[in-house]
Amino acid sequence: MSNFNRIFKSSVIYSILGFLPPASRFFLFPIFVNFLSPSDYGIIGLNATLTAVFSIFFTMGFDSAFGLYYFKYKKNEKVLFSYLSTTLLSVIAISILLILITIPVGNYFFSLLFKDKTYSYYPFGIISLNTALLNAINVVILSYYRNSHK
């Protein structure tokens, strides 16, 4: 297979996979309108926002650095996998440390940031933190697969 065909095929696959989450929201919107209240939509929006903010702090740019230095280490598979595992462990360690820091002060900050007391640190903040942790791990793994054309 020529290099152009391989790149084209990869681009099409990434485009389709990138389109699926917004498309699923579009098709599920009528179902959500029937079952969720405006307050529920607000909670979903706040959780999505907090997850995005936490994800920035959890990755600390390690995902971008991995993509940058991947090509420096790709010729030596042993070093590349050491680099991948170090990056993943760093992201996981930073994430867990930040989660542990937020546990004792989470309710206090949520009471300062949000007027509605129904949106509390337990369970919504914990859900956002866990989702951000999984996203941080996922983004490093996706960077590896994207750079290795898998």
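Given the structure is predicted, the values throughout are model-derived calculations rather than measurements.
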### Query
Judged by atom type as modelled, is there a donor-acceptor pair below 3.5 Å linking the side chain of Asn138 to the main-chain atoms of Leu134?
no
### Message
Run the side chain to side chain donor-acceptor pair (under 3.5 Å) test against Thr102 and tell me which residues pass, sequence neighbours left out.
### Response
Tyr121
### Val140 backbone acceptor or donor facing Tyr145 side chain under 3.5 Å
no
### Query
Do Ile141 and Val139 belong to the same hydrophobic cluster, where Ile, Leu, Val, Met, Phe, Trp and Tyr are linked whenever their side-chain heavy atoms lie under 4.5 Å apart, directly or via other members?
yes
#### Entry: Ile31-Phe26 co-clustered via ILVMFWY side chain contacts under 4.5 Å
no
### Over 12 non-hydrogen atoms of neighbours within 6.0 angstrom of CZ in Phe71
yes
## Note on the structure
Between the OH atom in Tyr70 and the CG atom in Leu84, the distance rounded to the nearest 0.5 Å is 9.5 Å
### Query
Between atom CD1 of Ile127 and atom OH of Tyr122, what is the distance when rounded to the nearest 0.5 Å?
13.0 Å
Could you list the donor-acceptor pairs under 3.5 angstrom formed between side-chain atoms of residues 52-67 and any protein atom two or more places apart in sequence or on another chain?
from  : atom 1 : to    : atom 2 : distance (Å)
Ser55 : OG     : Thr51 : O      : 2.8
Thr59 : OG1    : Ser55 : O      : 3.1
Thr59 : OG1    : Ile56 : O      : 3.4

### Summary
Value for CG (Asn47) from CD1 (Ile126), rounded to nearest 0.5 Å, stands at 11.0 Å
### Query
Hey, what do you get for CG (Asn76) to CZ (Phe81), rounding to the nearest 0.5 Å?
11.0 Å
#### Entry: Transitive ILVMFWY side-chain link Phe114 to Tyr108, under 4.5 Å
no
### Message
A quick test of your reading: do over 12 heavy atoms of other residues, nucleotides or ligands sit less than 6.0 Å from NZ of Lys117?
### Response
yes
### Message
Is there a path of hydrophobic side-chain contacts, each under 4.5 Å between heavy atoms, that joins Leu68 and Leu88?
### Response
yes
### Task
Classify the angle between the aromatic ring planes of Phe110 and Tyr119 as parallel (below 30°), tilted (30 to 60°) or perpendicular (above 60°).
parallel
### Message
Within this structure, what is the CG-NZ distance for the pair Leu80 and Lys75, rounded to the nearest 0.5 Å?
### Response
12.5 Å
### Message
Same cluster or not: Phe109 versus Leu129, using hydrophobic residues (I, L, V, M, F, W, Y) connected whenever any side-chain heavy atoms lie under 4.5 Å apart?
### Response
no
### Non-hydrogen atoms of Leu36 and Tyr41 that approach each other most closely
O-CE1, 4.0 Å
### Query
Distance-only, no hydrogens or angles: does the Asp40 side chain make a donor-acceptor pair with backbone N or O of Ser37 under 3.5 Å?
yes
What pairs of donor and acceptor atoms, side-chain ones from residues 90-97 against any protein atom, are under 3.5 angstrom apart with sequence neighbours left out?
from  : atom 1 : to    : atom 2 : distance (Å)
Ser90 : OG     : Thr86 : O      : 2.8
Ser95 : OG     : Val91 : O      : 2.7

